[in-house]
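Small disclaimer: the values here were computed from a predicted structure and weren't measured.
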Amino acid sequence: MSAPKETMQFQAETRQLLDLMIHSIYSNKEIFLRELISNASDAIDKLRFEAIGRPDLLPAGEELAIKIEADEEAGTLTISDNGIGMSREEVISHIGTIAKSGTREMIQKMKEAKSEGAVNELIGQFGVGFYSSFIVADKVTLKTTRAGSNETVIWESTGDGTYSIGAADAAPRGTVITLHLKPADPENGLDDFRKTWHLERIIKRYSDFISYPIYLKIETETEEGEGDSKKKVKKTEYKIVNSMKPIWLRAKSDVKDEEYNEFYKHISHDWNEPLKHLLYRAEGRIEYTALLYIPKKAPWDFFYQSYKSGLQLYVKRVMVVEAFEDLLPRYLRFVKGVVDSSDLPLNISRELLQQDRQIVAIRKGLTAKLLSFFQDMLNKERAVYLEFYREFGNALKEGVNSDFENR
């Protein structure tokens, strides 16, 4: 039997954020699905990384995947994954609070934003993730089991400033999020997210690059039998709706600019499209692939000491560091993107990474490539370069005092 639930208060700033999420106007409500799929993908990445040191966490041959199911009759949408899951303490820490510096400034800026576009831009700039569920749902239920644990936690909230949390009957490893959807209201931009054709379109648009299969539950109706015995039969199947191959490993000719832009939003949580992107494959003694982005706007906290920078580091398509600052010098901290190498050992620690000769070589190669890229932009696209320089010129000037090799 499951234990009784305990009702708890959201952190004060989280309550304010939820209130803004629920009552403000958003032009792009479908963004919530991209955020939840991204979270599910991150959870699977973390499981794969933890399983390197603890193989018992991931049984051999188990498929890691994300599943999405819509129930038209119940009016619910469920997103599930078999990733790392969360403990009770992690649920309270990750969902009951916003563990992010500058939350107060974010809420103040959102309150001051007058136009719909300004609100949307701030939402993307700060990355609302899980909280975007409340844009489309009256109630959200989360059930999760941490890898290596038998404890299943259930969390529920209507976004009213409180949430309940308790223990549930044992469930498989991973997380299941159920959205109790608001009624469709096309006039105000709230689509019917119970329709599978609509969900498939959103997944292909925003999450086609996710490197794990996204299964969508599809219900079809066929006729069986002949003559008077002919009858309609409903069949249910799970269909993979994303291409799965990481976008940085696909040929340039196979990827549209829109796909590159959506991947940027996925990793940066920036509402704006990037100013430029650069796909770079290094061959020779050290081989790696980098997909790098130059943002269009500097983040509000760009010159704060607490600003979180760094590229995502993948080894053999497994994310090993979410934001690795040592891949670029500090003055290029505005660059977003991923670096994927097959030459590094999967189980290398962060401390060893900072001293690794290959990391030093990658850093040197990426820096030289970016400075060459900026020079080409100046020579061939001066107007674009000036737009870039207005936002990040002061950061480049830091390099004059710190990077004597490229001064």
Side-chain angles (χ1 to χ4, degrees), residues 100-102 105 109 121 125-127 248 260-261 264 267-270 272-314 321-341 344 350-407:
K100 187 182 180 81
S101 61
E105 291 95 325
K109 285 175 178 285
E121 183 176 327
Q125 187 175 346
F126 287 94
W248 60 88
Y260 281 124
N261 292 345
Y264 166 75
I267 61 172
S268 69
H269 298 286
D270 186 353
N272 296 297
E273 293 184 349
L275 182 69
K276 299 286 286 185
H277 73 265
L278 167 65
L279 180 63
Y280 173 51
R281 292 189 175 93
E283 298 178 346
R285 194 173 59 176
I286 301 172
E287 296 188 355
Y288 59 91
T289 300
L291 176 55
L292 307 177
Y293 291 93
I294 313 303
K296 188 170 288 186
K297 296 286 184 181
W300 67 275
D301 58 346
F302 182 64
F303 288 103
Y304 283 51
Q305 188 65 34
S306 59
Y307 174 69
K308 186 178 180 181
S309 62
L311 304 177
Q312 293 184 358
L313 176 62
Y314 283 75
V321 185
E322 187 173 5
F324 191 44
E325 297 179 352
D326 292 339
L327 285 171
L328 287 174
R330 178 70 181 165
Y331 68 90
L332 294 178
R333 63 189 177 278
F334 54 86
V335 178
K336 304 293 183 183
V338 301
V339 175
D340 191 352
S341 172
L344 295 167
R350 192 183 182 102
E351 290 72 26
L352 288 175
L353 274 172
Q354 292 167 337
Q355 305 163 16
D356 192 275
R357 287 181 302 169
Q358 292 172 312
I359 291 295
V360 174
I362 293 173
R363 173 188 171 111
K364 186 174 180 179
L366 291 178
T367 301
K369 188 66 180 178
L370 279 166
L371 294 179
S372 173
F373 183 70
F374 298 151
Q375 185 68 52
D376 285 345
M377 199 194 314
L378 173 62
N379 295 338
K380 300 173 183 177
E381 301 176 275
R382 188 175 181 85
V384 178
Y385 180 85
L386 291 176
E387 185 180 350
F388 153 73
Y389 193 79
R390 276 195 297 271
E391 296 295 321
F392 302 110
N394 284 338
L396 286 184
K397 291 175 184 177
E398 295 173 16
V400 176
N401 288 325
S402 61
D403 187 352
F404 295 102
E405 184 178 351
N406 295 298
R407 186 168 183 174

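Taking the six-membered ring where the residue is Trp, Phe334 and Phe392 present parallel rings, their angle staying beneath 30° rather than reaching 60°. Between His277 and Tyr293, the ring planes lie tilted relative to each other; the angle falls in the 30° to 60° range.
Rounding to the nearest 0.5 Å places OH of Tyr385 at 11.0 Å from CD1 of Ile294. The structure places CD of Glu283 at 8.5 Å from OG1 of Thr289, a figure rounded to the nearest 0.5 Å. Atom CG of Asp376 sits about 10.0 Å away from atom CG of Leu278, to the nearest 0.5 Å. The CE atom of Met377 lies 6.0 Å from the CG atom of Leu275; values are rounded to the nearest 0.5 Å. Rounding to the nearest 0.5 Å gives a distance of 10.5 Å between NZ of Lys276 and CD of Glu387. The distance from the CG atom of Asp403 to the OH atom of Tyr331 is 3.5 Å, given to the nearest 0.5 Å.
The minimum heavy-atom distance linking Pro295 with Tyr264 is given by the pair CB-OH, 3.3 Å. When all heavy atoms of Lys336 and Leu311 are compared, the closest pair comes out as C-CD2, 3.6 Å. Taking every heavy atom of both residues into account, Ala290 and Val339 meet most closely at CB-CG2, 4.1 Å. Taking all atoms of both residues into account, the shortest heavy-atom contact from Glu287 to Ser341 is O-OG, 3.5 Å. When all heavy atoms of Glu391 and Ala298 are compared, the closest pair comes out as OE1-N, 2.9 Å. Summarising the geometry of Glu398 relative to Ser402, their closest heavy-atom pair is O-OG, 3.0 Å, with the distance given to 0.1 Å.
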For side chain to side chain contact (heavy atoms under 4.5 Å, CB included), just list the numbers for Tyr280 and Leu370, CA-CA rounded to whole Å, side-chain angles, deciding distance to a tenth of an Å, and then say yes or no.
CA-CA 10 Å; Tyr280 173 51; Leu370 279 166; over 6 Å; no
Side chain to side chain contact (heavy atoms under 4.5 Å, CB included) assessment of Arg363 paired with Leu327
CA-CA 5 Å; Arg363 173 188 171 111; Leu327 285 171; 5.6 Å; no
Show your reasoning for whether side chain to side chain contact (heavy atoms under 4.5 Å, CB included) applies to Tyr288 and Gln358.
CA-CA 10 Å; Tyr288 59 91; Gln358 292 172 312; over 6 Å; no
Stepwise side chain to side chain contact (heavy atoms under 4.5 Å, CB included) test for Phe374 and Phe388
CA-CA 9 Å; Phe374 298 151; Phe388 153 73; 3.9 Å; yes
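Residues Asn261 and Pro274 are in side-chain contact: their nearest non-hydrogen atoms beyond the backbone lie under 4.5 Å apart. Using a 4.5 Å heavy-atom cutoff, the side chains of Leu332 and Leu396 are in contact. Leu291 has its side chain within reach of Tyr260: a pair of non-hydrogen atoms, C-beta onward, lies under 4.5 Å apart. Contact check for Phe302 versus Arg333: side-chain heavy atoms found under the 4.5 Å cut-off.
Residue Lys296 qualifies as enclosed at atom NZ: its count of foreign heavy atoms under 6.0 Å is above 12.
Remark: Arg382 fails to qualify as a cation-pi partner of Tyr389 under the 6.0 Å distance and 45° angle criteria applied to the six-membered ring.
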